[in-house]
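Everything on this sheet refers to the single structure shown next.
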Amino acid sequence: MVGMKYFKQWVLFICLSVYCSASAQEVKKAMTFDEMVSWKRITEQKISHDGKWVACKMEPWWGDASIFVYNAKGEMTASFLPAAQAEFSASSGYLLVTRKPELEKVEALKLKKTKKEDMPLDELVIFNLSDKKETIDSLKSYKLSESADWIAYKRESKSDTVFHVRSLDGAKEVRFADVKEFGFAKKENILYYTTDSTLSTFTPEKGHTVIFEGKGVIKKATFNKTGDKIAFLYCPDKDSTNTQFSLYLAENNTRARIVADKGQNFIPKGWVISENGDIRFSENSERIFFGTAPAPMQKDTTVLAENRPDVQIWKWDEGVQYTQQVYNKEKDLKKTYTAVYNISGNTLFQLADKEIPHLITADEGNAPIALLSTNQPYATEQMWEGRSRYDIYTVNLQTGERRQIKKASNSNMQLAPKGTYAYWYCAQDSSWYTYSLANGKEYRLTTPATFAAWDEDNDVPDYPSPHGLAGWTADDRNLLIYDRYDIWKFDPTAEVAPVNLTVNGRKEQLSYRLIRLDKEEKFIDITKSQLLQVFNEKTKGSGYYSAHLSAPKAPKALLTGNFMLKTPVKAKYSDAVIYTSETFEQYPDIRLSDLSFKKSIQLTHGEEQQANLNWGTAELVSWISLDGTPLEGVVYKPENFDPNKKYPVIVNFYERNSETLYAYHMPEPHRSTIDYHFYTSNGYIIFNPDVRYVDGYPGESCFNCVMPGITSLIAKGYINEKAIGAQGHSWGGYQVAYLATRTNLFAAIESGAPVVNMFSAYGGIRWGSGLNRSFQYEHGQSRIGGTLWDSPLQYMENSPLFTMDKVETPILIMHNDNDGHVPWYQGIEYFVALKRLQKPVWLLNYTGEVHWPMRLANRIDFQKRMYQFFQHYLNKQPMPKWMDEGVPAVDQEFELGY
């Protein structure tokens, strides 16, 4: 009997083991569109000043966002749903959360035609982090003091129209009526507020002080940082055309006085002080910068609108293309030009004007010299060159004196933090320069022979861009410049030889880049340890390193590996940081650590969303192009990949993306591309190859790079050669359209917003900016490298339209009628040519949309139709109705055809 007892237990154990094993190996399910749309990503993250609290916002593509609060132990202490935004108070003792009405409730009310005034309103939650919550309903707007635990807010409730100013604990509160605008000083707990006729200040200690009273309009009230000075604009006539504004200044809570007015000698004749210009104080509060402009033109009200001709006049030698003028019209009508008021000297100067409009100040406006620049004399050639030249001047803020220091400069200048030097990178000779504002001398810091400042991977027919500047050391003593890998210290007078501070970047193929943890820091303090972000070109991994930049020394690795790290966020008053680490498989959850990164606490758990889904893996692959260039790319496989199976493949690429090997690819109803996780989850392999280009032959370059990459995958044995698709958008859309004219390998191609006719596209307009398109063919991404009349054969050879008769692949085009990047007629030419040749082709036009669908409903629709298209041709699924029968115009509002 004993033996039988143990036998039964043994049998039960075996059965349970088999059951548990089967459960552990349970097949994970494929992602659905609903799961993609409801996928929660982290869209906001905040750390309290003391580093003891973290708030993050998790937001689905459709639905209500949540805000979660964590303590330094990693425990979630509170959550808010729905929520819109969060911010910590100055003391780190409170979190303010704005709550939005539930989306389903709002949409239900909209369907019922509910009036706007009857719709639910926002709420503000004041959360004492010791777990006490207070809710303010009917919120209209609020502002939080940056220096104390005080808040000012307005409500939209009909029963409460007053303005509230209070401490966050509720112990102190004052109220005012009919407040229009309000705001706190940055570094002191002082508030201004305006009514129809007054501007006042308030502090908890001194209470309420009226500093200006009038019967007109008050605008643009602005504190200096400490709040002991405030400037504003005032127009005495509420019914005027608002051309009568004057600049006022109040100091130390005394009554405001007028400091600048229309008609004074400093301002050009016919100009006014503009309500559209920003007001700002210099950091030392000795200057006020404000905007002026020509008085607005007035329409002739004696002529009926229908009797006035409506004509545009395009002139051959005007500096700015007329289409660009139209695009910028609203902005140009509000354009202002900077003037300055020197408080101590009581002097006014117009600094910028219509001929020389661009002003750059240094030392937050404290420096005595500023730079002025203009590209207007050279604006016409910018139309085809894609870059401009500049005339550059210095202007003395104390005297208003101008002096030209550079004519037809190939680059615009910037100012060092203290304003001791101007500096610039000259793309034409790939060199860095400085200019001493004290002695007027120019210094060349680098030459191509001595320092590789330029992008060594540049493959467009234009001068390469620089790798950039890390910043300046204290008092403008040195500037730190990047090459491809290292950080170098340069003497701005070029008297001392440059020093490689990070030593081993090029040797190890590590790209070191400085992280500016304190955004308000003006200088790089090389006496302190600095945090670097590092990219490993060999492994595609990344890391955080520490470095003492006072002397050459290899940086010390703090956290490094085969993952992607983003820029961390540091607490203001502690070494606590929050950061994310991700791979294609690992969700970028927020982690809390300190600047040593020795240990961290995971706060969020977004990875739980993918626990039961067939996910995916990313693998770096390499091959040789048809013209002998070594190339890399990434292959994405389903999590349950079986090398003995044959998989459908989608080739998706743009230019070079292998450096994103460890990027997570947040699931999303994308506007222009396939969703990688959705497709791997549903049994597809994705191939993302790098492409390197030869000037004049972008199409051929694409073919030479991509096709041998596909061949190398086929050789691995797990690719279904009859089920290879391609997908790309814009430049990627052009490339897959070109490939369709060169090979019949693809079973289906989706080409979004492609250029198929470079002849017609060359002379067109980018309606999203008003710019002529020629520069991008001569010097930019389209890479022809010459004009239409210089290189007609290249324009023809690289245009898929002229060999459409070679296309045997079914094509899905997505191109929208309000595209401001690629003219919609390109998609029409593509569609009409294939239709004329009776090739299988469909065109999706999301009416009114731009270069890609922006409305979520349209993005979801695009993803569904693209997936159905690929499923039909790559996985032999039935053809959906919209492909088989179409959706006639008369049915479009009633039938989706899925």
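Just so you know, these numbers use all the heavy atoms, side chains as well, and skip hydrogens, waters and symmetry mates.
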What is the distance from atom [atom1] of [X] to atom [atom2] of [Y], rounded to the nearest 0.5 Å?
X      : Y      : atom1 : atom2 : result
Lys876 : Lys722 : NZ    : NZ    : 9.0 Å
Arg855 : Asp861 : CZ    : CG    : 9.5 Å
Glu797 : Ile784 : CD    : CD1   : 9.0 Å
His815 : Trp852 : NE2   : CH2   : 11.0 Å
Leu739 : Phe653 : CG    : CZ    : 5.0 Å
Met58  : Ser79  : CE    : OG    : 12.0 Å

Check: [X] side chain, [Y] main-chain N or O, donor-acceptor pair, under 3.5 Å:
X      : Y      : result
Thr583 : Gln586 : yes
Arg99  : Leu81  : yes
Asp690 : Asn657 : yes
Asp884 : Pro880 : no
Lys57  : Ala84  : yes
Asn614 : Ala30  : no
Thr711 : Met707 : yes
Ser658 : Gly633 : no
Asn720 : Lys646 : no
His872 : Met883 : no

For [Y], is there an ion pair with [X] - N to carboxylate O distance below 4.0 angstrom?
X      : Y      : answer
Arg41  : Glu668 : no
Glu582 : Lys566 : yes
Lys100 : Asp122 : yes
Arg859 : Glu849 : no

Any non-hydrogen side-chain atom of [X] less than 4.5 Å from a side-chain atom of [Y]?
X      : Y      : value
Gln781 : Tyr654 : yes
Met383 : Asn772 : yes
Tyr777 : Arg783 : no
Lys329 : Lys331 : no
Leu613 : Glu35  : yes
Thr680 : Glu639 : no

Contacts table for residues 59-68: side-chain donor-acceptor under 3.5 angstrom, sequence neighbours left out:
{"unit_1": "Glu59", "atom_1": "OE1", "unit_2": "Thr43", "atom_2": "OG1", "d": "3.0"}
{"unit_1": "Trp61", "atom_1": "NE1", "unit_2": "Pro667", "atom_2": "O", "d": "2.7"}
{"unit_1": "Asp64", "atom_1": "OD1", "unit_2": "Leu103", "atom_2": "N", "d": "2.9"}

(request) Quick one: closest heavy-atom pair of Tyr830 and Ser751, and the distance? (result)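 Taking Tyr830 first and Ser751 second, the nearest heavy atoms are CE2-OG, 3.7 Å.
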(request) Please report the shortest heavy-atom distance between Ala747 and Thr809, naming the atom on each side. (result)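 For Ala747 and Thr809, the tightest heavy-atom pair comes out as C-CG2, 3.9 Å.
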(request) Return the orientation label for the Tyr734 and Tyr738 ring planes: parallel under 30°, perpendicular over 60°, tilted otherwise. (result)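 Correct class here is tilted.
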(message) For His729, run the ring-ring contact (aromatic ring centres under 6.0 Å, His included) check against His821, His851, His670 and tell me which one passes.
(response)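 The passing option is His851.
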(request) State which residue, out of Tyr636, Tyr664, Trp615, fulfils the ring-ring contact (aromatic ring centres under 6.0 Å, His included) condition with Phe584. (result)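 Going through Tyr636, Tyr664, Trp615 one by one, the ring-ring contact (aromatic ring centres under 6.0 Å, His included) with Phe584 is satisfied by Tyr636 alone.
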More than 12 foreign heavy atoms under 6.0 Å from [atom1] of [X]: is that the case here?
X      : atom1 : result
Glu104 : CD    : no
Asp891 : CG    : yes
Gln892 : CD    : no
Glu107 : CD    : yes

(message) When you measure from the centre of the six-membered ring of Phe641, is the NZ or CZ of Lys637 closer than 6.0 Å and no more than 45° off the axis?
(response)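 Yes, Lys637 sits over the ring of Phe641.
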(request) Evaluate the criterion salt bridge (Lys or Arg N to Asp or Glu O under 4.0 Å) for residue pair Glu895 and Lys881; output intermediate values, then yes/no. (result) CA-CA 10 Å; Glu895 172 66 65; Lys881 182 179 179 180; 3.4 Å; yes
Looking only at side chains, do [X] and [Y] share a donor and an acceptor under 3.5 Å apart?
X      : Y      : value
Tyr676 : Asn652 : yes
Glu778 : Thr787 : no
Trp824 : Gln826 : no

Ignoring hydrogens and angles, write down the donor-acceptor pairs under 3.5 Å from the side chains of residues 694-706, residues two or more places apart or on other chains.
{"unit_1": "Tyr697", "atom_1": "OH", "unit_2": "Gln794", "atom_2": "NE2", "d": "3.2"}
{"unit_1": "Glu700", "atom_1": "OE1", "unit_2": "Arg742", "atom_2": "NH1", "d": "2.7"}
{"unit_1": "Ser701", "atom_1": "OG", "unit_2": "Val694", "atom_2": "N", "d": "2.9"}
{"unit_1": "Ser701", "atom_1": "OG", "unit_2": "Tyr697", "atom_2": "O", "d": "2.7"}
{"unit_1": "Asn704", "atom_1": "ND2", "unit_2": "Glu700", "atom_2": "O", "d": "3.4"}

(request) Please name the residue in the list Met866, Gln727, Gln863, Glu750 that meets the side chain to side chain contact (heavy atoms under 4.5 Å, CB included) test with Thr673. (result)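 One option only clears the test, and that one is Gln727.
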(request) Could you point out which residue of Trp842, Trp882, Phe870 forms a side chain to side chain contact (heavy atoms under 4.5 Å, CB included) with Arg865? (result)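 Of Trp842, Trp882, Phe870, side chain to side chain contact (heavy atoms under 4.5 Å, CB included) with Arg865 is met by Trp882 alone.
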(request) Apply side-chain contact (heavy atoms from CB on, under 4.5 Å) to Asp462 and list each qualifying residue two or more places apart in sequence or on a separate chain. (result)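 With sequence neighbours excluded, Asp462 shows a side-chain contact (heavy atoms from CB on, under 4.5 Å) to Arg387, Val460, His779, given in chain and number order.
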(message) Quick one, Ile724 with Ile714, criterion side-chain contact (heavy atoms from CB on, under 4.5 Å). Give me CA distance, side-chain angles, the key distance, then yes/no.
(response) CA-CA 10 Å; Ile724 300 175; Ile714 293 173; 4.0 Å; yes
(message) Using ring centroids (six-membered ring only for Trp), state whether Tyr647 and Tyr684 fall under 6.0 Å.
(response)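 Between Tyr684 and Tyr647, the centre distance exceeds or equals 6.0 Å.
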(request) Take Glu632 and Lys540 through the test salt bridge (Lys or Arg N to Asp or Glu O under 4.0 Å) and record every step on the way to the result. (result) CA-CA 11 Å; Glu632 293 179 314; Lys540 314 303 179 187; 2.8 Å; yes
(request) Any chance you could lay out the salt bridge (Lys or Arg N to Asp or Glu O under 4.0 Å) test for Arg692 and Asp457, step after step, and finish with the verdict? (result) CA-CA 9 Å; Arg692 293 183 179 271; Asp457 277 338; 3.4 Å; yes
